[in-house]
Amino acid sequence: MTQAPSSGLADPVASAVRSRFRHRYPPLVLASAALIAAVLIVSLAAELLAPYHYTTQDLANRLRPPAFLGGPALYWLGTDELGRDIVSRLIYATRFSVVIAILGTAIGAAIGTLLGFIAAHFRGFVEEAIMMLVDAQASLPFLLLALAVLAFFGNNLTLFILILGINGWENYARLTRGMVLSANTQGYAVAVRALGASPFMIYSRHILPNIASVLIVQFTLNFPQTILLETSMSFLGFGIQPPLTSLGQMLGAGRAHLLSAWWIAVLPGTVIFLTTLSISIVGDWLRDRFDPTLRNR
Amino acid sequence: MSTVSPLLAVDSLVRHFRIGGGKLFARPAVVRAVDGVSFTVGPSETLGLVGESGCGKTTVGRLVLGLDQPTHGCVTLGAQPLNDLAPAAWRALRRDAQMVFQDPLGALDPRMPVGRQIAEPLEIHGITGGGERAERAREMLAAVGLSPDLAARYPHELSGGQQQRVVIARALILKPRFVVCDEPVSALDVSVQAQVVNLLARMQREFQVAYLFISHDLKIVRHISHRVAVMYLGQIVESAPREELFERPLHPYTQALIAAVPVPDPTVKRKRLVLHGEPPSPVHPPPGCRFHTRCPLAEVRCRSEAPVLRTVASGHQVSCHLVTGPGASEPEITRCSS
């Protein structure tokens, strides 16, 4: 066995461990996970991190550019048309958007997955009814429906989140129904049924873990959509109402000043983009990790 | 091995599948997958069920375990008739009746370590606590000749033979009285087949379990079975104790099957009875004897009159017009072979 050159190179065991670590956790995934973690920490610790409250106005310093573009050092990402600090507003907007999108997406995923299992289990009339609902949902222009509901019932946060949750459930229902139908005929499901397991046990312990990877990928696809729907509705004035703020509401409000004060719209847009991209990357990586046949590659 | 009081009794089992009902104006056709099958299996006995693919033997296995509902007929396990049993009662009964599948990798959950899968029947039926279950699973792994250290592995990390041993361990951990083995070795390498068959035989002695051994491989059936039943197009055409069936087959179909088994001795000259053509469609089974379209000995009567399964010797039943009475001689096969 040859002696490893002592200069520059670490010992082979440590470098093997490191290369395995790199293989298991690619840098892009680590960066994405770090960004998601940062977004979550910022959301949780908004009060501690934000230099100002998101409603604090400084009318003397309206539409000031970020500090690095020559704005006042007091507001290092600039101010909006009412002189509110962009940093503070971004931090609070991220909190609102993330919480609303997580809740909305989770509600949709839970409803859709449950209905998919019910359709696949009972078949017949129940399945027909659920799938008809799915088709109806998929063929409606959802934004119009959501606007109509909010206009009719009046705008409040709970209703808004529920509406975001209803958006997208049909994808989970369709996916789940199809996968459960196919999994039910597969050897392992038949085998566990022959062992005497109840349907609930088969679904929860065997079929759900086997289809979870697809549902997680769907979640990561759906999450940006939920953020975008929240954006659209807030932009149209039917979502988050001022003085509350969200990334979408900031984006919509900043659009009016895009030529003169671009930072008001571009900064929340960047946060939306990076957050959704990171979630997609981590979701993709999770899917691979969930599949034990891919794990040791 | 004659049955004292049978463990499993199957009486006039029928399973029809409707197909093609979806098309407008098309009359749904009926596949007669299983069409009047009766047999018994005694305690600690192995009944081999052989036949070509598509003859309905797998459907019989599924019907016996309630994985499919018969159109007519009944199945009795112990003294318990299984027809119209509520799902919960069926699940409780699964402690006594288990199954070993053809495709071991497909029969195992790809996302669960095999140790947990072996212990799962204990969990399903609420037997013992978590720690003891894991211990029992390791014992079963050892009993089927695998290292208990494999308990943490996933199914795809094992070889085909190891996977089938895991499936057998899972089927036997509850000490059932009856196991349906559906082509348990046909997906395995020939070199592994013998090991798994011998394992099944050893497990039978150890656990006093009865097998319904479904296979198309006559050599393996001859090796493991006490009695053998031959199926053709959804019906049993002959059943007899193993030696009797292989030494003195009476039905022309059985004779043809046995003649088709290769003998590893090139000097042996055999009367070859070669069957031509495919089995007829079970949608339109031929009238009369179902085998008459391929039978080299078919007579006029065979085309119109369906033979019934008759006892011709002790424990030897055959359904053929040409086999007559107790102590019947073989139908004259020389008649058509030169």
Looking at chain B, which one of A:V190, A:L195, A:I207 has the largest number of heavy-atom pairs inside 4.5 Å, strictly under?
A:L195
Between [X] and chain A, which part of the residue has a heavy atom less than 4.5 Å away: side chain, backbone, both or neither?
X      : result
B:A92  : neither
B:R170 : both
B:L108 : backbone
B:D103 : neither

Check ion pair A:R174-A:D135 (N to O, under 4.0 angstrom)
yes
Distance under 6.0 Å and angle within 45° of ring axis: A:R205 vs A:Y203:
no
Looking at A:G116, is its backbone amide N or carbonyl O close enough to the side chain of A:R177 to form a donor-acceptor pair, meaning the two atoms are under 3.5 Å apart?
no
A:N171 side chain to A:N222 side chain, donor-acceptor N/O pair below 3.5 angstrom:
no
Residue pair A:H206 / A:Q186, side-chain donor-acceptor N/O under 3.5 Å:
no
Option in B:E123, B:Q102, B:R95, B:H125 with maximal non-hydrogen atom pairs under 4.5 Å from chain A:
B:E123
